[in-house]
Each structure stands twice: as structure tokens, then as C-alpha cells.
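Written below as C-alpha cells is the structure these notes are about.
Naming convention: chains lettered A, B, ... in sequence-line order (proteins, then strands); numbering from 1 in each chain. Because only heavy atoms are used, hydrogens play no part in the values below, and waters and symmetry mates are left out as well, while side chains stay in.
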4 protein chains.
Amino acid sequence: MPKPLNIGMIGYGFMGRAHSNAYAKVSHFFDLEYKPVLKAVCARDAAKAKEFAARWGYESIETDWKKLLERKDIDAVDICTPNNLHKEIAIAAAKAGKMILCEKPLAMDTAEGEEMCQAVEKAGVANIVWYNYRRIPAVTFAKQIIDSGKLGKIFHYRANFLQDWTISADLPQGGAGLWRLDAAAAGSGVTGDLLAHCIDTALWLNGGVKNVTAMTETFIKERTHTATGKKQEVKIDDACAFLCHFDNGSLGLFESTRYARGHKALYTFEINGEKGSLKWDLHDLHRLQWFDYRTEGPLRAWSSIHVTDGDHPYMGKWWVPGLAIGYEHSFVHQVADFLEGLATGKPAGPTFRDALETQKVCDAVLNSAKSGQWVNV
Amino acid sequence: MPKPLNIGMIGYGFMGRAHSNAYAKVSHFFDLEYKPVLKAVCARDAAKAKEFAARWGYESIETDWKKLLERKDIDAVDICTPNNLHKEIAIAAAKAGKMILCEKPLAMDTAEGEEMCQAVEKAGVANIVWYNYRRIPAVTFAKQIIDSGKLGKIFHYRANFLQDWTISADLPQGGAGLWRLDAAAAGSGVTGDLLAHCIDTALWLNGGVKNVTAMTETFIKERTHTATGKKQEVKIDDACAFLCHFDNGSLGLFESTRYARGHKALYTFEINGEKGSLKWDLHDLHRLQWFDYRTEGPLRAWSSIHVTDGDHPYMGKWWVPGLAIGYEHSFVHQVADFLEGLATGKPAGPTFRDALETQKVCDAVLNSAKSGQWVNV
Amino acid sequence: MPKPLNIGMIGYGFMGRAHSNAYAKVSHFFDLEYKPVLKAVCARDAAKAKEFAARWGYESIETDWKKLLERKDIDAVDICTPNNLHKEIAIAAAKAGKMILCEKPLAMDTAEGEEMCQAVEKAGVANIVWYNYRRIPAVTFAKQIIDSGKLGKIFHYRANFLQDWTISADLPQGGAGLWRLDAAAAGSGVTGDLLAHCIDTALWLNGGVKNVTAMTETFIKERTHTATGKKQEVKIDDACAFLCHFDNGSLGLFESTRYARGHKALYTFEINGEKGSLKWDLHDLHRLQWFDYRTEGPLRAWSSIHVTDGDHPYMGKWWVPGLAIGYEHSFVHQVADFLEGLATGKPAGPTFRDALETQKVCDAVLNSAKSGQWVNV
Amino acid sequence: MPKPLNIGMIGYGFMGRAHSNAYAKVSHFFDLEYKPVLKAVCARDAAKAKEFAARWGYESIETDWKKLLERKDIDAVDICTPNNLHKEIAIAAAKAGKMILCEKPLAMDTAEGEEMCQAVEKAGVANIVWYNYRRIPAVTFAKQIIDSGKLGKIFHYRANFLQDWTISADLPQGGAGLWRLDAAAAGSGVTGDLLAHCIDTALWLNGGVKNVTAMTETFIKERTHTATGKKQEVKIDDACAFLCHFDNGSLGLFESTRYARGHKALYTFEINGEKGSLKWDLHDLHRLQWFDYRTEGPLRAWSSIHVTDGDHPYMGKWWVPGLAIGYEHSFVHQVADFLEGLATGKPAGPTFRDALETQKVCDAVLNSAKSGQWVNV
């Protein structure tokens with residue numbers, strides 16, 4: 001029988017649902033030493049907390065996260081709040097000896113992130129950040145292919161994260177679902193929201209970034225703020241692109257926007273090495289494009305691997321070849337790996353410290369966009 | 001608070017998992033009057049039943065399905081056994097006044113199916129068959145487009161279900177997972193296993209089938225039977241193809257095989273009408289290909305709809321645009337619709353009676369393949 | 001310096017252009033012993049013949065094909081007339097000792113075709129039929145892959161040729177461009193026009209066909225005939241589908257229609273063998289889809305070969321990797337191979353005799369559609 | 001009868017073939033006032049010039065381009081030499097009153113290009129630069145869609161030109177086919193060779209570029225020079241990427257490399273506007289991806305227009321819907337438009353002056369890569 005791991009969830013929005021689903025499902029499909037127990041959900045609005053608890057089977061609610069942290073029956077805290085609250089909660093949770101699963105980006109900036117790292121490291125608590133796309137099976141498989149040396153020396157890495165949901169000037173900023181347009185809550189726009197994902201994957205697959213040159217744009221300059229009802233300056237970046245050098249000598253190209261009409265959540269990356277190349281995108285997330293230079297000449301081609309076989313990462317736990325899983329499963333995999341890490345003592349990444357590297361690149365990007373200069377990471 | 005609906009599951013194999021997952025998840029995402037409760041799982045092997053119950057949270061086990069049917073605390077029975085047991089269990093369940101959710105194909109043949117229909121209709125119990133592919137959002141959306149008249153008069157319907165998992169002559173027949181190769185347990189090969197799905201969708205989208213001409217093939221003539229350890233004749237069809245006329249005057253072309261190297265579970269259909277066409281396949285199940293003749297001339301083209309928006313069928317219940325769901329969700333949708341049908345009194349299909357129509361086409365196909373004649377359905 | 005080969009072209013329609021272009025271009029790109037010389041074009045309408053000659057550089061015109069055949073300065077006759085004239089012209093040309101390049105299908109039926117074969121064989125003149133799709137580089141490459149044994153034992157072959165240009169009931173039958181709707185000129189509808197291409201490729205790639213069961217349909221029963229101005233029965237097949245057994249034990253599925261809304265000229269074939277599969281379509285004619293079972297497990301996938309490299313068939317004669325050629329080049333390749341065949345004494349196919357096999361399958365298909373029985377080829 | 005336009009071709013390499021094919025074919029398919037006559041080809045090596053003339057039907061040869069310019073029977077000069085010769089020849093040709101069709105990039109740098117512009121403008125001779133990709137039908141169609149306003153305000157433009165043919169360190173620099181690796185002959189590497197195409201299309205579709213930040217890389221630092229047989233520094237850029245602002249407020253992202261394993265000649269562009277988006281690539285050059293925000297909600301999707309219909313640009317001159325043309329046809333179209341421009345007095349672009357704008361962006365890109373600063377164009 002697996003041992004219970006009592007979860008205290010802070011927040012009940014989109015990510016609260018995605019994480020709760022992962023906790024609820026993981027033991028049905030994975031054989032693990034620990035089994036998550038949905039102990040408590042915390043939200044300022046008691047009615048909403050109750051409704052969320054009833055739907056997902058949380059045993060109790062809290063309306064003050066500090067109370068949650070005081071509870072002895074909570075092993076791990078899941079932080080699903082807007083970005084500006086990550087630091088305070090995480091540091092307090094570390095002090096309270098709780099394990100922490102924190103939504104991305106880690107913090108508002110590198111300085112905050114550094115404090116958070118020190119807090120969890122001092123407390124010695126397990127910690128992880130929800131850069132879930134690492135655990136889409138096709139992405140994990142890309143990592144395995146790269147690590148096996150099949151690509152050889154890397155020349156190029158490029159990634160996009162394209163959306164189109166904020167094109168309308170009528171969209172307000174602030175409030176549930178729209179706090180991402182409010183710099184006070186989000187810190188930045190697409191850089192922290194979308195490029196952070198691209199950067200996390202890139203650092204994981206291709207190593208560190210040396211320096212960057214960037215540009216950002218805010219297409220809609222003012223939006224009504226839901227808190228004040230008034231038009232206020234939009235201070236987040238609607239779009240951001242940057243060039244970079246990786247430590248391994250390869251060149252990087254990154255772009256993100258919420259103004260690419262026709263793209264809903266098109267996260268794409270491609271990596272070109274001397275002996276092979278890989279390409280992936282989130283819209284067809286179960287496919288990995290692979291070019292193998294070892295193939296005999298006239299048969300050389302890009303192949304489209306349908307990553308649904310039993311010998312593909314994670315897929316042996318699910319259905320049978322050809323049957324796809326979706327977005328939500330990346331969270332299940334993250335929980336499974338986190339629990340596996342607890343059992344084996346080899347923590348699953350990205351830890352706070354890993355995620356801090358992404359934060360540093362984000363900061364360099366935003367600084368470069370401001371200064372018009374190349375900025376070292 | 002939703003009312004409990006107590007489920008008794010018979011079987012614990014692949015479909016047992018798929019259905020259990022659906023019962024477990026449905027209330028997290030759908031707002032329904034009823035909530036499934038995993039009351040009991042039944043399997044001849046008590047140890048396996050217990051293990052399955054522990055994993056999925058079933059409250060109890062049974063080792064004799066007749067015992068399960070006698071229990072007062074079971075509202076609905078889910079039949080996930082090999083095909084040759086469907087009839088006996090279903091008829092007994094109907095007599096016991098249980099609702100029935102039965103795996104497909106409904107029965108071993110039309111005669112059995114007719115008995116089953118009469119049993120559930122006489123007993124007045126809710127009944128449904130697990131032709132789950134109707135509830136892949138892209139397929140449901142195809143149904144909506146067709147019903148809205150956007151295709152106009154239909155000329156052609158074609159469907160394939162291509163797999164490659166039985167090519168090796170070393171694969172035995174019979175036993176867990178391989179009963180599908182044993183005619184005694186399965187009734188037929190790809191016809192009942194795969195073409196039945198294609199036919200169910202076709203009847204739903206394009207109406208009844210008038211007559212058929214078919215061919216079948218068994219490429220590997222003998223396989224070791226796991227029960228006897230001896231080579232025995234393979235009596236199922238490895239491949240089956242047929243031509244047909246639909247009642248609406250359109251022409252149909254269907255093919256299924258387990259010998260199409262490179263295809264894991266490639267169920268594809270296409271329908272061509274005077275004003276538009278649709279195409280879908282299971283390997284990229286979140287996409288619907290759509291050709292709209294109304295588009296102005298030079299812009300006319302096939303479009304690839306990424307069926308992940310809030311205004312696409314079922315998708316408003318899940319994540320946000322661009323984020324895919326997978327195979328398992330079709331079962332969740334079927335449970336949701338079944339429960340909705342209980343609440344509204346408008347039963348969700350396919351009922352046993354609906355599924356009997358598919359059985360009739362399957363029988364006509366197998367008869368035509370034997371006789372070499374066109375056979376009326 | 002290459003030797004001249006004097007061409008006499010009969011017809012000036014779509015195929016007259018495609019062939020003339022091939023004759024004009026071939027020597028710019030291929031190094032051959034023979035060089036086509038555009039000696040004469042023949043058409044009943046002198047003005048049109050003159051205009052065509054001026055545009056393409058034909059040195060002279062004729063208005064009576066018998067006159068053309070009498071000319072000593074013509075080495076080879078190219079027959080681009082409607083199908084009902086093939087036999088008479090070809091037999092006369094053979095008697096006149098001319099080489100013959102004849103449009104497909106070879107004849108109105110097998111009996112006519114047999115006479116034509118005997119005529120060319122008796123006369124000992126070079127002969128070829130314009131089944132040009134064999135010489136799309138990706139198709140030729142498929143042939144090489146199959147012949148190398150990379151697919152192993154073949155299980156399945158399927159082909160479609162889907163168009164949508166005759167859906168409107170207002171389209172007349174007969175006359176330039178529309179003789180294909182007039183059974184008197186065309187013999188059959190999609191069977192001779194489109195399926196004949198599919199069958200030629202299939203016989204070439206997968207060997208002979210044993211028997212067939214077929215269905216045909218004429219969706220629009222009457223169309224105005226351009227010759228009479230009156231509504232007349234449409235006697236051609238608008239759509240045709242058939243199942244078959246190949247001599248090698250594989251199963252075949254073929255379909256063609258002019259009522260598949262959204263498809264312009266979508267000729268597709270797929271072949272599944274024990275060790276690999278291939279797929280191709282005319283809309284993206286420079287790509288060959290290839291599945292290689294030898295690839296290590298988790299990397300196994302369909303690859304999309306962009307058949308534009310110097311080591312792909314014919315491509316070394318054209319541009320550089322990545323740069324596509326088009327439909328017209330298949331005709332250039334056919335001329336090149338025909339001329340090469342003259343030089344080496346190894347005639348390029350399909351000869352009249354090869355094309356007669358396709359005719360036999362077409363006849364069996366049409367007979368089966370009439371009789372409702374399986375018909376041996 | 002069309003009037004002859006006597007062509008004098010300088011160079012006989014890859015581009016010499018592509019242009020000669022265009023001159024030979026254009027009158028077979030287009031109805032124009034002028035018809036190109038292949039009067040003379042000029043190359044330093046008389047034997048090679050003769051061979052080329054024989055193959056393509058040039059009436060005469062020259063071995064000194066100055067002689068060619070002196071000839072009264074030459075109307076137009078086609079410059080297909082390495083880049084470092086463009087200026088001298090073009091200025092001399094202008095002085096000799098010849099029309100000029102010059103390969104791209106226009107010049108080694110902006111200063112050279114400016115001189116060339118002044119020369120042709122002073123002489124009043126027709127002039128055009130071979131940025132042929134504008135005249136791929138799908139690209140021309142993209143221009144029509146944008147000009148019709150269907151995209152609305154533009155937010156983003158991105159383009160790549162990815163190749164992989166110089167990855168091997170054994171490849172020398174200099175000599176036929178490899179002068180592109182030699183900075184003395186080529187001026188720059190991928191910037192002038194590949195990005196110049198991307199920039200020409202971008203300026204045509206999306207207007208002027210304001211400023212850029214760029215990076216370049218030379219992965220292989222030394223290569224044997226074919227002239228000296230010795231290892232010499234490689235001074236061209238193997239890869240180049242830049243960010244930019246367009247005059248219309250949109251953001252640009254451009255990248256080119258010869259180290260993207262698996263990509264042969266993958267020129268791709270995408271443009272995102274408020275009301276729609278377009279995407280194209282050279283590997284499947286007959287397809288234009290189009291997203292139309294006007295489409296009713298749930299049907300909104302990217303469509304893949306198969307640009308082969310009679311109402312698509314240029315396509316009415318070729319075959320029938322569904323039948324593709326290839327790379328070479330872009331040159332035929334350019335000749336047709338050039339000749340049409342002569343007849344109508346409305347010169348076809350890009351003229352030297354148009355091409356100078358591309359040169360200015362290339363220079364800004366190379367300067368930014370050197371200085372690490374944003375550079376105004």
C-alpha cells in the first residue's frame with residue numbers, strides 16, 4: 001500500500017484544476033510509494049473554496065494560506081497563485097517545513113527567486129516548479145535522443161510560443177484569468193508566461209545561455225483595469241523575441257506573442273545538430289519530428305514519430321499504441337516523477353534552483369529589450 | 001449535491017481501466033445530477049479483482065457475476081468481458097433490473113443482439129454500448145456539421161481502421177489480450193473489433209446501409225492457442241474490406257486490417273457531399289479536416305480544425321484553446337452523456353437497439369465474404 | 001550530336017500540350033542519343049493546327065491523320081485523340097511502320113487493345129502508352145524500394161483517384177474537354193480515365209490482379225450533349241470502386257470518382273508489406289511517405305521523403321535538393337526513357353502489351369459492376 | 001507574331017540553366033508581345049560556352065563579356081556571374097544601352113548597388129533583379145491577399161531560409177558551385193545568398209524595415225581554397241539571424257543558415273495580421289497556409305490552399321487544378337512579367353532600385369552583427 005502524501009493546494013483556478021486532476025489520477029496509472037491525498041484547498045473566498053473542494057474531493061478548506069501552513073496534516077504545499085505571491089508563500093512554507101510544488105515562473109525576478117532558493121535549500125524541503133512541458137512524452141523522448149548523442153554537435157535551437165487571445169482592445173487587464181495582463185500581478189507578459197516555458201525546455205535540452213539581444217512590444221497601450229474600471233497603461237510585453245548564444249556554441253532564436261492570429265497555444269521548438277534534428281509542437285503534442293542523418297542517402301527524411309508506444313516515455317502506463325494522451329497528462333507525469341523522487345532521494349527537476357536559471361534568462365531578455373544592448377545572463 | 005449511481009464493473013482488462021477512469025473523472029469536469037460510485041468490480045480471479053479494486057477505489061469485489069447482479073446496491077452493470085459473454089450477462093442484468101453499459105460489439109451476431117435488445121426493452125432498463133469514438137470532440141463536431149446541412153447531398157463515405165500488431169506468426173491466440181484472435185471468444189476478427197467502430201460512426205453520420213459486397217482474409221492460417229498450447233486454425237478475419245450502398249444513395253468503402261505495417265490504430269473516415277467534405281483520423285484525433293465549397297474560389301481549401309476551443313463539443317469542460325485531450329476522454333464523455341440521459345429522460349446513444357444495426361451490417365459483410373455475393377443488410 | 005527523331009503529333013488538346021512540352025524540353029536536361037524534332041501536328045481544324053504549330057514550333061501541319069502517316073519524314077506518331085480513335089490510328093500507324101506513343105487508356109476495351117498489340121508486334125515498331133505517373137520521381141523511387149525487397153511480403157494495396165469537377169448538373173457532355181463525359185468517345189468514365197492510372201501503377205508495383213468485385217454509379221443521369229443540344233442519358237461511370245485479389249496474395253482496394261468535393265486530382269496509393277509501407281499522392285507529388293520497420297523501436301515512424309535529391313530518380317537532371325519539379329516533368333521523363341529505350345534496345349514501358357493488362361482489369365471491373373459478381377481478370 | 005527580344009547570357013552555371021529554360025519555355029505558355037531569342041551565351045571557357053549553346057540553342061557564343069555588350073544584335077543582357085562581377089558588367093551594359101536582367105543579390109554592398117541604380121536610370125534601360133520567389137504562384141497569391149486588406153493591421157513577420165549543405169568541414173571554398181563560400185566572390189554568406197530572398201519578399205509583402213539587431217556565425221573557421229589548395233579563413237557567414245522593426249509597426253524575425261540538418265532549401269515565411277495570417281514554404285511551394293478570422297467561430301482553422309487552380313496567379317497558363325508546377329516556373333513567370341512590362345511600359349519589379357532596398361537591409365544586418373548594436377536601415 002502506498003504511503004499518503006497530504007497536499008495543501010493554494011489557489012483554485014486553471015492551474016488548481018490541472019494539478020488536482022494530476023493528484024487524483026496518478027495512482028490509477030503509476031505504481032508509486034506515495035499516493036497524494038487531497039487534504040485541503042485554500043482560497044480567500046470560502047464559498048469558492050468549498051465548491052472546489054466538493055468537486056475534487058479535498059477534505060477541508062482554508063481561507064488564509066498562513067493557516068494552511070500551520071497545519072500539521074499537510075506535507076506538501078502547491079502554490080497556484082499569481083506570480084507576485086510566490087515568494088512570500090514559498091519562503092513561509094519552507095520555514096514551516098513543507099515540501100513545495102510552485103507554479104512557474106518561479107518568481108517576479110531573479111532576486112526574488114534567489115531568496116526562494118535559499119529558503120528551500122536551508123529548510124531542506126523537496127521543491128519543484130511546474131514547467132510541465134518537459135513531461136509531454138514527445139518532449140521527454142527528445143531529451144533522451146539528445147542525451148544519447150544522436151544529434152552530435154548542436155548548431156541551432158529555435159523556439160516559439162504563439163497565441164492570439166489578447167488581440168482585442170476591449171479585453172480588460174486584471175482579475176481572474178486576466179491577471180496575466182497586469183504587470184503588478186504577473187511581473188511580465190509573454191516573457192514570464194510563455195517564453196519561460198521555452199527557456200526551461202531549452203536549458204534542459206541544450207544547456208545554458210550566455211547572452212541575449214531582445215525586443216519587446218506592447219501593441220495595445222491601454223486597457224481598462226478590472227479593479228479600478230479605468231483605462232490604465234499596459235505594462236506587460238505583448239510580444240518578445242530574442243537572439244542568443246548558448247554555452248555549447250549553438251545559436252538560439254526565441255519568440256513569443258499573443259498577437260499571432262490563428263495560433264492558440266503553439267509552442268514549437270527545433271534543434272539542429274550535426275547528425276540529426278528534432279522538432280516538436282504543442283498543438284500536435286504526441287508527435288516528434290526527427291531527422292536522422294545516419295539513414296541511407298535517398299531514404300533520408302523527416303519522420304513523424306507518433307509517441308504513443310509502450311517504449312516511449314511514460315506511455316507504457318497509459319493505453320495502447322496509437323491512442324493519444326493530452327495536455328493534462330504532463331501534470332500527472334510531473335506528480336509521478338516528484339513522488340518517485342521522494343522515494344528514491346533523487347529529486348525530480350526542475351527544482352527551484354533549476355528554475356532560477358530560466359528566471360535569469362528572462363531578466364536578461366527584459367533588460368536587453370529595455371537597453372537595446374546585448375546582455376550577459 | 002449529485003445523486004450517487006452505483007456501478008458494478010465486470011472485467012478488469014484494458015476496457016475495465018478505460019471505463020473506471022471515466023467514472024472517476026467525470027464529476028471533476030462535468031456538472032451532472034448523477035455521480036458514479038465505484039461500488040464493486042467482478043472477476044473470476046479474486047486476487048486480481050482486489051488489486052484492481054485497490055487501484056481504482058472500488059468498494060468491494062465479486063468473483064461471480066451472478067452474485068453481482070443479485071446485489072441491491074448496484075444500479076448499473078458495466079460489461080467488459082470478451083464478446084461471447086455479453087448476451088448471457090446482459091439478459092440476466094436486464095432481468096435483475098440493472099442499467100447496462102456494454103462493451104462493443106453488442107453480441108456475437110444479430111440473433112444474439114436481437115435477444116439482448118428485447119431483454120432490455122422488456123425490462124425497461126437504461127442501456128448503452130461503448131462505441132466511444134462518437135464522442136471524440138472532432139467526431140461529434142463532424143456530426144453537428146453534417147446535421148446542419150453544410151455538406152448537402154452526400155456522394156461518398158469511406159472509412160479505414162488500420163493496425164499492424166498481429167503480423168508476427170509467433171503471436172498466439174487466446175488468453176488475456178489475445179482473445180481477439182480466438183473466434184470462439186471474439187466471434188470475428190477485425191470485422192467485430194474494428195469495422196464495427198467504423199460502421200457505428202457511419203450509420204450515425206450517414207444513415208443506413210442497404211447492401212454490401214465484401215472480402216476477408218486470414219494471412220496467418222494457424223497460431224498456437226494459449227489454452228491448449230497447440231497450433232490451431234485461426235478462424236478470425238485478419239483483414240476485411242467491403243463496398244456498400246447507403247440508403248441515401250451514397251457509396252461506401254470500408255477496410256480494416258491488422259496487417260497494415262506502420263499504422264497503430266489508424267481509424268480514418270471521410271465523407272464527401274455536394275457542398276463540403278470532412279475527414280478525420282484517430283492518430284491526430286483533435287483535428288477535423290473540413291472543405292467548405294462556400295468559400296470564395298481561390299481561397300477554397302481543406303482546413304485543419306484544431307478542435308480544442310470552448311465552442312467545440314465537450315471542450316468547454318476541459319482546458320483552454322490549443323490544449324489537446326486524448327483517447328480516454330471519449331469514455332468520460334460517454335459517461336457524462338449517459339448520466340445526462342438518465343437525468344433528462346432522453347437516453348444517450350448508441351442504445352442496444354442502435355448497436356444492433358451495426359451488428360446487422362457486420363453479419364452481412366461476413367456473409368458476403370463467404371458467399372461472394374452482394375448481401376442485403 | 002544527338003540524332004533527330006521526327007515527331008508527328010495527332011491532337012492539340014491538353015495532352016498535346018503536355019507531350020509537346022516534353023519533346024521541347026527533354027534535350028535541355030537529358031543527354032540522349034536521340035533528340036525529338038517537332039515535325040508536324042495534325043488536327044481537323046487547320047487554323048487551330050497552325051496556331052498550335054506556331055506556338056510550339058512544329059514545322060508543318062496536317063488536317064488528315066492518314067496523310068500524316070503517309071509522310072516519310074515522320075518517325076514516330078503521338079496519338080492524343082479521344083479514346084475511340086486510338087485503335088484505328090494505331091493500327092494504321094503500325095502498318096505504316098511508325099513508332100507509336102499512344103495516350104491512355106490504350107483502347108475502348110480489351111478486344112480493341114489486343115488488335116493494337118498484335119499490330120505493333122507484327123510491324124515491330126516501338127510503342128509506349130502514356131501512363132505518365134510511373135515517372136513522377138517519388139513513384140519511380142517507390143518502385144525501386146519495392147524491387148529492392150525492403151517491403152517484404154505484401155499484404156495490402158490501396159489506391160484512390162478523387163476529383164470533383166463534374167458535380168454540377170449544368171455541365172454538358174461531349175465536345176472539347178468534355179468528351180470524357182460522353183461514353184461514345186471515352187468508352188467509360190472514371191474507370192478508363194482515372195482508375196486506369198491507378199491500375200497501371202498497381203500492376204507495375206505489385207503485380208497482376210486475379211479477380212475483382214466492383215460497383216459503379218452515375219450520379220447525374222442526364223446531361224445536355226454539345227453535339228445535339230439535347231439532354232441525353234449519361235452512360236459513363238461517375239464513380240467506381242472495386243475490391244480485388246492480387247496474384248501475390250495481397251488484397252486491393254481501388255476507388256475513383258469525380259464527386260469527391262475538395263479533391264482536384266488526388267491520386268493516392270499505399271502499399272503495406274511485412275517490413276515496410278509506402279504512400280504517395282499526386283497533390284504533393286514530390287513526397288514519398290515511407291515506414292521502415294527496421295528502424296529501432298521507439299524511433300519507428302512514417303517519414304516524408306522530399307524526393308528532390310540528386311540520388312533520387314531523374315532528379316539529378318534538374319535543380320538542386322529541395323527544389324521541386326511538377327506534373328509536366330513526368331512526361332519529359334517518359335520521353336527520355338522512350339528515347340533511351342530506342343538507343344539501348346530495351347524498350348521503356350508500359351508498352352501496348354503492358355497497357356493491355358490494365359485494360360483487362362478495367363473490363364473486369366466494369367463487368368463486375370454490371371453483373372454484381374466477382375469476375376476473374 | 002511576337003517580336004523577338006535578343007538575349008545575351010553571361011554565365012552558364014545553375015542560374016544560367018534556370019534562366020535559359022525560362023526563355024525557352026515562356027512563349028509556349030504565355031501570350032506576349034515579345035518572344036525571347038537565345039542569341040548568345042558568354043563564358044571565359046569557349047568549350048563550355050559551346051556545349052551550353054548547343055544544349056540550349058543559343059545561336060552564338062562569346063568569351064569576353066565586353067564583346068557581348070558591343071554586339072548590336074543583343075537587346076538584353078542576363079548577368080549570371082558571381083556577385084563580385086555584377087557591378088562592372090551592369091554599369092557597362094547600361095552604358096551600352098542594353099536591358100539588364102541581373103542575378104541577386106544586386107551587388108556586393110549598398111554603395112555598389114547605388115552606382116548600378118544610377119547607371120540604369122541614367123541610361124533609361126529596362127532592369128530587373130532575379131528575386132524569383134515573388135513569382136511562385138502561392139507567394140504571388142499571398143501578396144494579393146495582403147493587398148486586398150484581408151489581414152488587417154500586421155503584427156508579426158517571420159522568415160527562415162534553412163539549408164544543410166555545408167556542414168562537412170571537408171568542403172572547400174571557391175570554384176564552380178563553391179564560390180558562395182568565398183567572401184571575395186560572394187561578399188557575404190547566407191545573408192546575401194539566402195536572407196536576401198527573405199528580405200526581398202518581406203519588403204514586397206510587408207513594407208520597409210526600420211532597424212535591426214543581428215548575430216552571425218561561422219561554424220567552420222577554415223576551409224581549403226580551390227584556387228590555392230591551402231586552408232584559408234572562411235570569411236562568409238554560415239548562419240545569420242536578426243530581429244527588426246518594420247515601418248508599419250510590426251515585428252520581424254529572420255534566420256538563415258546552412259547548418260540546419262535535414263533542411264534542403266526550406267525558405268519559410270509567416271505573417272500575422274489582426275484579421276488573418278499566411279504561411280508558406282519552398283519545400284511544398286504549391287501550398288499557401290491561410291487563417292481567416294472571418295470564418296464562423298468553431299470552423300476557424302488554418303487552411304492549406306493547393307495553389308493550382310485557374311484563378312490562382314499564373315496557374316491558368318499551365319495545366320489543370322491539382323497538377324503542380326515547380327521551382328523553375330518562377331523564372332518563367334519572371335520573364336513573362338518582364339516582357340509584359342516592356343509591352344505595357346509598366347516595368348515589372350524588383351527593379352535595381354527595389355533590390356537596393358534589400359541590399360540596405362543586408363548591410364545593416366551585417367553591420368549590427370559586427371557592432372552588437374541596433375542599426376538603422
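Between Asn21(D) and Lys25(C) there is a side-chain heavy-atom pair separated by less than 4.5 Å. Within the 4.5 Å cutoff, side-chain heavy atoms of His286(D) are placed close to those of Asp284(C). Between Thr308(C) and His283(D), the closest side-chain pair of non-hydrogen atoms is not below 4.5 Å. Residues Glu328(C) and Leu323(D) have side chains not in contact (no heavy-atom distance under 4.5 Å, counting atoms from C-beta outward).
Looking at Phe52(C), there are no atoms closer than 4.5 Å to chain D (heavy atoms on both sides), in backbone or side chain. Looking at Trp318(C), the atoms closer than 4.5 Å to chain D (heavy atoms on both sides) sit in the backbone and in the side chain alike. The contact between Arg287(C) and chain D is made entirely by side chain atoms (from C-beta outward), counting heavy-atom distances below 4.5 Å. Heavy atoms closer than 4.5 Å to chain D are found nowhere in His263(C), neither backbone nor side chain.
Across Leu285(D), Asp309(D), Leu266(D), Leu282(D), the residue that shares the most heavy-atom pairs under 4.5 angstrom with chain C is Asp309(D). Of the listed residues (Phe29(D), Tyr267(D), Trp56(D)), the one with the most heavy-atom contacts under 4.5 Å to chain C is Trp56(D). Considering only heavy-atom pairs separated by less than 4.5 Å from chain C, the leading option among Ala24(D), Gly326(D), Ser20(D) is Gly326(D).
The structure places NZ of Lys264(D) at 6.5 Å from NE2 of His306(C), a figure rounded to the nearest 0.5 Å.
The two residues Pro321(C) and Ala265(D) have their closest heavy-atom pair at O-CB, 3.9 Å.
Between Phe14(C) and Trp319(D), the ring-plane angle classifies as perpendicular under the 30° and 60° cut-offs.
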